[in-house]
> 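Sending over a structure as structure tokens; questions will come in a sec.
Naming convention: chains lettered A, B, ... in sequence-line order (proteins, then strands); numbering from 1 in each chain.
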There are 2 protein chains.
Amino acid sequence: MARRPSVTSTQIAREARVAQSTVSRVLNGGSVSPQTRERVLAVLEKYDFQPSQAARSLVGARTGVVGVVIRDLTNPFYPVMVKAMERVLHERGLRLFLVTDVVAPEEGVAMLRREGVEGAIFTAAVATDPLPGRLSGHGIPVVLCHRTIDGFPADQVEADNVEAGRLAAGHLLELGHRRLAMLTGVPGASTAVQRGAGFRELTADLPVVEVEGGFDYDQSYAAVRALLSGPDRPTALFCQNDVMAHAALNAAVAEGVDVPGALSVVGCDDVPVSGWERMALTTVRQPLVRIAQVAAELLLDRLADAGRPPRHEVLPVELVTRGTTAPPA
Amino acid sequence: MARRPSVTSTQIAREARVAQSTVSRVLNGGSVSPQTRERVLAVLEKYDFQPSQAARSLVGARTGVVGVVIRDLTNPFYPVMVKAMERVLHERGLRLFLVTDVVAPEEGVAMLRREGVEGAIFTAAVATDPLPGRLSGHGIPVVLCHRTIDGFPADQVEADNVEAGRLAAGHLLELGHRRLAMLTGVPGASTAVQRGAGFRELTADLPVVEVEGGFDYDQSYAAVRALLSGPDRPTALFCQNDVMAHAALNAAVAEGVDVPGALSVVGCDDVPVSGWERMALTTVRQPLVRIAQVAAELLLDRLADAGRPPRHEVLPVELVTRGTTAPPA
DNA sequence: CTGAAAGCGCTTACAG
DNA sequence: CTGAAAGCGCTTACAG
């Protein structure tokens, strides 16, 4: 049950006939004579010694841990981001501590603080979310990634979601659609707000049926089935993210509605699955990996210079036309 | 840069006019008089105090951290497992430290040791993998989950993969297929070996074309396109996991091969995507979530009793018939 | 270059 | 019930 290191630096020191601080120096690149270093290294290797992070964190200036708050790891979107962040963080010797929706939000913040994270990246904050504020209130740097909060005094990075909405609307309008519907995301999420705003900007003179999908597959599937089986079925549907668009595509099959023959569907994100021949989703691509990288880099920069004014990066998006859109019948 | 707790238990103690050890006692449920407890609790709440895990781990009997080694988080398979494990581990107050393929395997083991994990769950070990052995060699309990290693002296849990192969073969044979192909996984992975063995058991008298997909989408996609565009195209294809089956389904579209009209496809796993109307993959379901739960439980039991003989759980599978299989033309 | 010492923030016996 | 003290395994000045 007790989980104590099998060997400690003190034991290494004893066996190498040096002071414990000398072991520490060869471990951390302090000045040590070649002979001594040699001797210590030999013992280090003999035991395959690994210094305790707990002790290091406790005494050192930094813990080397960065928190990453993910909403739902099973959304194909997030693993891609986590991987990208992990790459740049790991390169700089930082470890990452994942907090998912398995723990309650409040508990998540407590965990991050107990863990002594040097900073945290939020990937799915909503405007009303008190957590990022609470963390930075405790002096821990926060980066808002993918979803942002207007006026939040921190580094933020996101796609040009307004433009994404415009691109989707423009594409559908150009094809000749006039009976439009929009499957909306989580109320209050910046991505939902912005994508919706962009879409409405170009469709202001048209009635657009709005249905809430909450960025969730099951909710969207049910909502779209209801929409398609009801009266006044739209000829085109803009989904505020790809997961909802996939749900829509499948719901259409279930309802016997041909896509794109009887219904055009546009998504937003361009996750890997959307490129599959069986899905062939027309969507607006956002630079997923790049967004995650920038988030990690913003945090790194912040850790290097706490006084730097916050930056807000907005990355470009592009329409990817595939097989789910066509002119109305 | 320095990441020190904003408040320490010593400061709390001072403000509450008690000894630091008393603060520790109210935190950990030691015996404290109601009045004293009240007073300390007030200060604790005032600062929203969170004790340092580093200090706790260093002094305490346990770190409360469990390692989970994941091959590729972007395979839809693993997030589901991680989530399930996290649920049961979190319930018992354990945190989980994720190691993905972003770090080199050797480095992964070193990280787990530095982190002082009380145990580790491997989700994608292969027979030749030295890592599980190395970890348990350092006295750290290991559980093999999903993929197992024959004769490895540790707790293991997996699906009945041999039966899975049999079910797939039986289904295809029953439909009347005689020109079969199999898309194989990572050589040496128990899942690949067992599913392959089960499939061959029922098809021993038939020539079965084997193509290596390595459990990887891109590799499988390329392999299946080559297979379908070549001579002697099979009428049925068993894919040793769903990701490869999805690749096959999409490759078939790319090659203009109708499924199930000209080609039947069977997968293995039954990940969520396989149930989508657009995919409708006939597959062998393995109890993903249950496997992950059992893995976590096995580790918990092991931590409670290090001397218990290792258990090896094999969970049942079932055929899920959907739209990608039919009699040969 | 090297050692002795202090101290990080806690938990855990040990007295009282 | 409560406090004083030891100690977890390290890093980091500080002497020599």
Side-chain angles (χ1 to χ4, degrees), chain A residues 1-41 43-44 47 49-65 93 110 113-118 138, chain B residues 1-41 43-44 47 49-65 93 110 113-118 138:
Chain A
M1 182 90 82
R3 185 82 291 286
R4 279 277 150 65
S6 33
V7 243
T8 68
S9 61
T10 306
Q11 291 171 50
I12 299 289
R14 184 161 26 222
E15 184 155 338
R17 309 188 170 288
V18 295
Q20 187 273 325
S21 52
T22 298
V23 174
S24 187
R25 262 181 234 111
V26 350
L27 245 26
N28 299 297
S31 55
V32 183
S33 80
Q35 306 95 302
T36 310
R37 176 181 303 275
E38 201 77 1
R39 196 141 40 87
V40 173
L41 242 26
V43 184
L44 247 21
Y47 291 99
F49 175 76
Q50 295 295 340
S52 152
Q53 281 294 357
R56 280 191 152 169
S57 297
L58 187 56
V59 62
R62 25 177 301 183
T63 58
V65 178
R113 296 217 290 131
R114 287 195 294 262
E115 222 57 43
V117 297
E118 299 183 33
H138 281 284
Chain B
M1 182 90 84
R3 186 83 290 288
R4 280 276 150 64
S6 33
V7 242
T8 66
S9 61
T10 307
Q11 291 171 49
I12 299 289
R14 184 163 24 220
E15 185 155 338
R17 308 189 172 290
V18 295
Q20 186 273 324
S21 52
T22 299
V23 174
S24 187
R25 263 181 234 111
V26 350
L27 246 24
N28 300 297
S31 56
V32 184
S33 79
Q35 306 95 301
T36 308
R37 175 182 305 277
E38 201 76 2
R39 194 141 40 85
V40 173
L41 242 26
V43 184
L44 247 22
Y47 291 99
F49 175 77
Q50 295 296 339
S52 153
Q53 281 295 358
R56 281 191 151 167
S57 297
L58 188 56
V59 62
R62 25 178 301 183
T63 59
V65 179
R113 295 217 291 132
R114 285 195 295 263
E115 222 58 43
V117 296
E118 299 183 33
H138 281 284

> Indicate yes or no for a side-chain donor-acceptor contact from A/R114 to the backbone of B/Q53 under 3.5 Å, with no hydrogens or angles considered.
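Checked: no pair found.
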> B/R56: what forms a salt bridge (charged side-chain N to carboxylate O under 4.0 Å, His left out) with it, not counting sequence neighbours?
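If we apply the salt bridge (charged side-chain N to carboxylate O under 4.0 Å, His left out) test to B/R56, skipping adjacent residues, there are no hits.
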> Over all heavy atoms of both residues, which pair between B/S6 and A/H138 is shortest? Give the atoms and the distance, please.
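Scanning both residues, the minimum pair turns out to be OG-ND1, 4.2 Å.
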> Using a 4.0 Å cut-off to any heavy atom of chain A, which nucleotides of DNA chain C are the first and last in contact, reading 5' to 3'?
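Listing 5' to 3', DNA chain C meets chain A from C/dC1 to C/dG9.
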> For residues 30-41 of chain A, which residues have at least one heavy atom under 4.0 Å from DNA chain D?
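When residues 30-41 of chain A is checked for heavy atoms under 4.0 Å from DNA chain D, there are no hits whatsoever.
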> Between the side chains of B/S33 and B/T36, does any donor sit under 3.5 Å from an acceptor?
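On atom types as modelled, these side chains qualify, holding a pair under 3.5 Å.
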> Side chains of A/E15 and A/Y47: do they bring a donor and an acceptor to under 3.5 Å?
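Yes.
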> Could you verify whether a donor N or O on one side chain and an acceptor N or O on the other, from B/Q20 and B/T10, lie under 3.5 Å apart?
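Note: B/Q20 and B/T10 side chains miss the donor-acceptor criterion.
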> Check DNA chain D against residues 16-23 of chain A and give the residues with a non-hydrogen atom under 4.0 Å, in numerical order.
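The stretch gives A/Q20, A/S21 as the residues lying under 4.0 Å from the strand, ordered by number.
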> Tell me, what's DNA chain D's dot-bracket, Watson-Crick or G-U with both distances under 3.5 Å, | for other-strand, [ ] crossing?
|||.||||||||.|||
> Which atom pair, heavy atoms only, marks the closest approach of A/V32 to A/V26?
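Reported closest heavy-atom pair: CG2-N, 4.0 Å.
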> Which residues pass the side chain to side chain donor-acceptor pair (under 3.5 Å) test with B/S52, sequence neighbours left out?
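Residues passing side chain to side chain donor-acceptor pair (under 3.5 Å) with B/S52: none at all.
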> Let me spell it out: for each of A/V7 and A/R25, pick the nucleotide of DNA chain D with the closest heavy atom. Which residue's pick is nearer the 5' end?
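Nearest-nucleotide comparison on DNA chain D picks A/V7.
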> Indicate yes or no for a side-chain donor-acceptor contact from A/T22 to the backbone of A/V18 under 3.5 Å, with no hydrogens or angles considered.
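Pair absent, no side-chain N/O of A/T22 close to backbone of A/V18.
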> Using a cut-off of 4.0 Å on non-hydrogen atoms, how would the nucleic acid contact of A/S52 be classed: base, sugar-phosphate, or nothing?
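A/S52: backbone/sugar contact only, no base atoms under 4.0 Å.
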> Identify the heavy atoms of B/L58 and A/A55 that sit nearest to each other, and give their distance.
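Distance-wise, the nearest heavy atoms are CD1-CB, 3.8 Å.
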> Look only at the side chain of A/E118 and the backbone of A/T63, and say whether a donor-acceptor pair between them is shorter than 3.5 Å.
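The answer is yes, because a donor-acceptor pair under 3.5 Å joins these two groups.
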> State, to 0.1 Å, how close B/Q50 and A/A110 come at their nearest heavy-atom pair, and which atoms those are.
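Residues B/Q50 and A/A110, closest heavy atoms: NE2-CB, 3.4 Å.
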> Quick one: closest heavy-atom pair of B/L27 and B/F49, and the distance?
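For B/L27 and B/F49, the tightest heavy-atom pair comes out as CD2-CE2, 3.5 Å.
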